[in-house]
Amino acid sequence: MFESAIQYQAQMWQAIGETFVMVGMSVGAALLLGLPLGTLLFFYRKGQLYENRFLSLVLNSIVNIVRSFPFLLLVVALIPVTRFIVGTAIGTMAATVPLCIVAIAYYSRLVEQSLLEVPKGTIEAALSMGASKLGLVFKFLYVEARSGLVLGLTTSTISFISFSTVMGVVGGGGVGDFAIRYGYQRFETEVMAYAIVVMIVLVQLVQFTGGTLSRLLDKR
C-alpha cells in the first residue's frame, strides 16, 4: 500500500482536493439554503407559530421527492439543469449541482427535527418578551437547537462525502473516482485499499470534529 501511496501521490491529492470542493459546496448550500428551508418547514407545520397547510405540503413534497431519488439517478436526471447552471455537465463544478440540491433537502429535514426538540415554552417566552421574527429564530430557536444543528450538519457532511464518491459518472473526480480508475479498473487492490483508508480518515475527522463541537454547545 505504501508503494501505491507514493506512486499515485499526485493523483490522490488532486482527488482529495476535488472531494473537498464538492463537499464544501454542499455544506455551504446546506447552511445557506437548507437551514432556512428547514426553519420554514418547522414554522409551517401543524400546530406551530405560522401554521400553513398549503406551504407545508408544497415544501414537504419537494424535500421528500428529492430525498427519495436514488442519488445516481438524480445526477443523471439533473444533467440538463447542471448544463444550464454551469455551462457544462462534466467536471467537478458540474458535480456540485446535484450534490448541493441533495444537501439542501437532506439538511433541511434534520434542521426541522432539531427545532422540533426545542421546548414550546422557549417560543412563548420569546414572544412574551417582544422578540421579532428574526430575533425569535436567531436569538432563541437556533441558540437552543445549536447542538442538534451541528450534529445534523456533521451527519449530513458524512453523507455528502459518501455521495461524492459516485460523481465520477459526470467526471466530477474525487477519491471515489480515483479508486475506480486507478484501483478497480486496473485491478490494483492496494490502490483501492489506499483510497478506502483515505475516505475512512476523512469521515472520522468530520465525525470527531462535529461530535466534539456538538457536545461543547450542548447546554443540557
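Position 1 is the first residue of the sequence; numbering continues from there. What you see is a predicted model, and the numbers here were worked out from it, not measured in a lab. Below, each value reflects all heavy atoms present in this structure, side chains not excepted, and no hydrogens, waters or symmetry copies.
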Participant: Which atoms form the tightest heavy-atom contact between L37 and I104, and what is the distance?
Facilitator: CD2-CG2, 3.9 Å
Participant: Side-chain heavy atoms under 4.5 angstrom apart, residues restricted to Ile, Leu, Val, Met, Phe, Trp, Tyr: same cluster for V81 and M93?
Facilitator: no
Participant: Give a yes or no answer on whether the side chain of T209 reaches the backbone of V206 with a donor-acceptor pair at less than 3.5 Å.
Facilitator: no
Participant: Of the non-hydrogen atoms in L141 and F42, which two are nearest, and what is the gap between them?
Facilitator: CD1-CE2, 3.9 Å
Participant: Any side-chain heavy-atom pair from L55 and L40 closer than 4.5 angstrom?
Facilitator: no
Participant: Minimum heavy-atom separation for G38 to L115, with atom names?
Facilitator: O-CD1, 4.4 Å
Participant: Indicate, with yes or no, if V21 and L78 share a hydrophobic cluster defined by side-chain heavy-atom contacts under 4.5 Å among Ile, Leu, Val, Met, Phe, Trp and Tyr.
Facilitator: no
Participant: Check whether V137 and I123 end up in the same hydrophobic cluster, where Ile, Leu, Val, Met, Phe, Trp and Tyr are linked by side-chain heavy atoms less than 4.5 Å apart.
Facilitator: yes
Participant: Restricting to non-hydrogen atoms, name the atom on A94 and the atom on V86 that form the minimum distance, rounded to 0.1 Å.
Facilitator: CA-CG2, 4.0 Å
Participant: Using the six-membered ring of Y50, assess whether NZ or CZ of K133 lies under 6.0 Å from its centre and within 45 degrees of the ring axis.
Facilitator: yes
Participant: Could you tell me if the side chain of L99 sits less than 4.5 Å from the side chain of F71, heavy atoms only?
Facilitator: yes
Participant: In the structure I gave you, are the side-chain heavy atoms of L136 and L49 within less than 4.5 Å of one another anywhere?
Facilitator: yes
Participant: Is there a side-chain contact between E112 and R45 in this structure, where contact means two heavy atoms from C-beta onward sitting under 4.5 Å apart?
Facilitator: yes
Participant: If you compare all heavy atoms of F140 against all heavy atoms of G135, which two are closest, and at what distance to 0.1 Å?
Facilitator: CD1-O, 3.5 Å
Participant: Under the side-chain hydrogen bond (donor to acceptor under 3.5 Å, both in side chains) criterion, do E117 and Q113 qualify, and how do the steps go?
Facilitator: CA-CA 7 Å; E117 295 178 359; Q113 293 173 1; over 6 Å; no
Participant: Any donor and acceptor pair, going by atom type alone, linking the side chain of R83 with main-chain N or O of A89 inside 3.5 Å?
Facilitator: no
Participant: Mark yes or no for whether E51, through its side chain, and G47, through its backbone, hold a donor-acceptor pair below 3.5 Å.
Facilitator: yes
Participant: May I ask you to decide if V175's main-chain N or O and T19's side chain share a donor-acceptor pair within less than 3.5 Å?
Facilitator: yes
Participant: Check whether any side-chain N or O of S214 sits under 3.5 Å from a backbone N or O of S147 as a donor-acceptor pair, and report yes or no.
Facilitator: yes
Participant: Between T82 and P98, what is the shortest heavy-atom contact and its length?
Facilitator: OG1-CD, 4.0 Å
Participant: Main chain of F43, side chain of Q48: is a donor-acceptor contact present, judged purely on distance under 3.5 Å?
Facilitator: no
Participant: Can you check whether F163 reaches V23 side chain to side chain, under 4.5 Å on heavy atoms?
Facilitator: no
Participant: Return yes if some donor-acceptor pair links the side-chain N/O of T122 with the main-chain N/O of V118 below 3.5 Å, else return no.
Facilitator: no
Participant: So, do L202 and F20 sit near enough that their side-chain heavy atoms are less than 4.5 Å apart?
Facilitator: yes
Participant: Is it the case that the side chain of S159 and the backbone of T155 share a donor-acceptor pair, with hydrogens and angles ignored and the cut-off at 3.5 Å?
Facilitator: yes
Participant: Is there a side-chain contact between R181 and Q11 in this structure, where contact means two heavy atoms from C-beta onward sitting under 4.5 Å apart?
Facilitator: no
Participant: Determine, stepwise, if the pair S56 / N60 fulfils side-chain hydrogen bond (donor to acceptor under 3.5 Å, both in side chains).
Facilitator: CA-CA 6 Å; S56 179; N60 273 289; 3.2 Å; yes
Participant: Answer yes or no: is there a donor N or O on one side and an acceptor on the other, between the side chain of Y106 and the main chain of I101, under 3.5 Å?
Facilitator: no
Participant: Could you check if a side-chain atom of L35 sits within less than 4.5 angstrom of a side-chain atom of L149, using non-hydrogen atoms only?
Facilitator: yes
